[in-house]
Amino acid sequence: MSELRGVLDDLLAEGESLDAMVASLPSEAWTTMTPAAGWTIAHQIAHLAWTDDASILAATDAAAFQEVVTEAWKNPTGFVDEGAETLALIPPAELLTRWRTGRVALATALGGVTAGVKLPWFGPPMSPMSMATARIMETWAHGLDIADALGISRQPTTRLRHVAHISVRTRDFAFQVHNLTPPAEPFHVALTAPDGSTWTWGPSDAAQSVTGPALDMCLVATQRRHRADTALVATGPDADKWLDIAQAFAGLPGPGRQPS
């Protein structure tokens, strides 16, 4: 199995996991508010469906995707949210079918991209692998919003490694988006995986480090939990600052969550 195929399989599995939470919900439950201000369960699924559609376009028709980017620049802070607002008006059964069809089509489209090709995006171009990883991160994070709204406790899986990886890889972006100079040296990041193993990034002898549960790092970097409510430990001032501003997603910094 190719590395990309493995990531795409994990993307499909993450979608199926979230699908299982919402598939049997009555229509009225789709209007349940989630922790994301102003967003219902329908908005969460609509956002995933909209972004999957945009990703398919980026992978299959660069010119058409560029037209979407041109429209996005007319309303850079609200364009994506408007897409979610529009799709959230669709009847839940229709929206669910659209999301199901789209996520399968996305995996097929990414799997068919010629090796070495970078795909256009709203930010820097992305490899199919990076785009698939980003979609796993978003599916997991928005799935967590839905789980919180429904009072469901989701058990983390080893698919969380993809979310942890993008959380670490976006360290410098998190500093830049806050108008801060990224640290010159890499950190050592050692996270305890759901299966008890340890996932690591960066040199083991780095002067600054972050350690703790992988789940906690993912919760902080997707801004689903405040760092004070986690077991993460930062060594060094820059590493400590990173946990305040970590951001695995593109765009402007979000307000994050308040400590419980």
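- The OG atom of S127 sits 9.5 Å away from the CG atom of L110 when rounded to the nearest 0.5 Å.
- Panel note: side chain H226, backbone A228; a donor-acceptor pair is recorded below 3.5 Å.
- For the pair S197 (side chain) and A193 (backbone), a donor-acceptor distance under 3.5 Å is absent.
- Other members of the hydrophobic cluster containing L12, listed by chain and number, are V104; membership follows side-chain contacts under 4.5 Å among ILVMFWY residues, whether direct or relayed.
- Counting only residues at least two apart or on different chains, the side-chain hydrogen bond (donor to acceptor under 3.5 Å, both in side chains) pairs with a member in residues 22-37 are T34-Q44.
- Closest approach of P35 to A149, counting heavy atoms only: CD-N, 4.4 Å.
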- Message: Determine whether R225 and D148 satisfy the following criterion, salt bridge (Lys or Arg N to Asp or Glu O under 4.0 Å), listing intermediate values before the conclusion.
- Response: CA-CA 11 Å; R225 296 290 186 273; D148 286 348; 3.2 Å; yes
- Task: List the steps, then state whether salt bridge (Lys or Arg N to Asp or Glu O under 4.0 Å) holds for D53 with R98.
- Result: CA-CA 10 Å; D53 287 348; R98 177 166 178 162; 3.1 Å; yes
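- Side chains of T97 and E94 form no contact here, defined as non-hydrogen atoms less than 4.5 Å apart.
- Considering all non-hydrogen atoms of both residues, R154 and L18 come closest at NH2-N, 3.8 Å.
- V177 and W121 fall into different hydrophobic clusters, where Ile, Leu, Val, Met, Phe, Trp and Tyr residues are linked whenever their side-chain heavy atoms come under 4.5 Å apart, directly or through other members.
- Between atom CE of residue M131 and atom CG of residue L11 there is a gap of 11.5 Å, rounded to the nearest 0.5 Å.
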- Evaluate side-chain contact (heavy atoms from CB on, under 4.5 Å) for I245 paired with L180, printing each intermediate quantity in order. CA-CA 10 Å; I245 62 174; L180 299 172; 4.1 Å; yes
- Before giving the answer on side-chain contact (heavy atoms from CB on, under 4.5 Å), spell out for T211 and L232 the whole-Å C-alpha distance, their side-chain angles and the decisive distance to 0.1 Å. CA-CA 6 Å; T211 60; L232 294 174; over 6 Å; no
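- A donor-acceptor contact shorter than 3.5 Å is absent between the side chain of R227 and the backbone of A246.
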- Message: Using the rule given for ring pair (Phe, Tyr, Trp, His ring centres under 6.0 Å), can you reason through F187 versus W201, listing the C-alpha separation, both sets of side-chain angles and the distance that settles it, and then say yes or no?
- Response: CA-CA 8 Å; F187 301 156; W201 293 263; over 10 Å; no
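- When only modelled atom types and interatomic distance are considered, S260 and D229 share a side-chain donor-acceptor pair under 3.5 Å.
- Using bins of under 30°, 30° to 60° and over 60° for the plane-to-plane angle, the ring pair H47/H142 lands in the tilted bin.
- Scanning both residues, I56 and G102, for their nearest heavy atoms gives CD1-O, 3.4 Å.
- With rounding to the nearest 0.5 Å, the separation of SG in C218 from CG in L144 is 10.5 Å.
- Using a 4.5 Å heavy-atom threshold, the side chains of P183 and K241 count as separate.
- Neither side chain, H188 nor D205, offers a donor N or O lying under 3.5 Å from an acceptor on the other.
- Of all non-hydrogen atoms in L95 and I90, the two that sit nearest each other are N-CG2, 3.6 Å.
- A donor-acceptor pair under 3.5 Å links the side-chain atoms of S55 to the main chain of T51, judged by distance alone.
- When hydrophobic clusters are built by joining Ile, Leu, Val, Met, Phe, Trp and Tyr residues whose side-chain heavy atoms come closer than 4.5 Å, directly or via intermediates, V168 is not grouped with V233.
- No donor-acceptor contact under 3.5 angstrom links the side chains of T133 and S130, judged on distance only.
- When all heavy atoms of A206 and P186 are compared, the closest pair comes out as CB-O, 3.6 Å.
- In the hydrophobic clustering of ILVMFWY residues, with side-chain heavy atoms under 4.5 Å counting as a link, W73 and W50 come out together.
- Proximity of a side-chain donor or acceptor of E14 to a complementary backbone N or O of T139 within less than 3.5 Å is not detected.
- Between the T200 side chain and the A190 main chain, no donor and acceptor come within less than 3.5 Å of each other.
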- Task: Evaluate the criterion side-chain contact (heavy atoms from CB on, under 4.5 Å) for residue pair L25 and I41; output intermediate values, then yes/no.
- Result: CA-CA 10 Å; L25 291 178; I41 290 175; 4.1 Å; yes
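- Side-chain contact check for Q208 versus D238: some heavy-atom pair is nearer than 4.5 Å.
- Looking only at distances, a side-chain donor or acceptor of H43 sits under 3.5 Å from a matching main-chain atom of T40.
- A distance of 8.0 Å separates CH2 of W39 from CD of E85, quoted to the nearest 0.5 Å.
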- Evaluate the criterion side-chain contact (heavy atoms from CB on, under 4.5 Å) for residue pair M137 and V163; output intermediate values, then yes/no. CA-CA 5 Å; M137 180 271 294; V163 185; 3.9 Å; yes
- Verdict with reasoning, R224 to D216, per salt bridge (Lys or Arg N to Asp or Glu O under 4.0 Å): CA-CA 9 Å; R224 263 58 186 183; D216 285 358; over 6 Å; no
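- Side-chain contact between R103 and E16: present, with at least one pair of heavy atoms (C-beta onward) separated by less than 4.5 Å.
- To the nearest 0.5 Å, atom CG of residue L119 and atom CE of residue M126 are 8.5 Å apart.
- Hydrophobic clustering (ILVMFWY, side-chain heavy atoms < 4.5 Å, transitive): L150 and I45 are in one cluster.
- Taking both residues in full, the closest heavy atoms of W99 and G15 are given as CH2-O, 3.4 Å, listed atom of the first, atom of the second, then distance.
- The environment of CD in E185 is sparse: at most 12 heavy-atom neighbours from other residues, nucleotides or ligands sit within 6.0 Å.
- Here L215 contributes atom CG and T230 contributes atom OG1; the two are 9.5 Å apart, rounded to the nearest 0.5 Å.
- For the pair M21/I152, a side-chain contact is recorded, criterion being any heavy-atom separation below 4.5 Å from C-beta on.
- For an aromatic pair to be called close, the ring centres must be under 6.0 Å apart, and F122 with F65 satisfies this.
- Between the side chains of W140 and H162, no donor-acceptor pair of N or O atoms lies under 3.5 Å.
- F173 and I136 fall into different hydrophobic clusters, where Ile, Leu, Val, Met, Phe, Trp and Tyr side chains are chained together by heavy-atom contacts under 4.5 Å.
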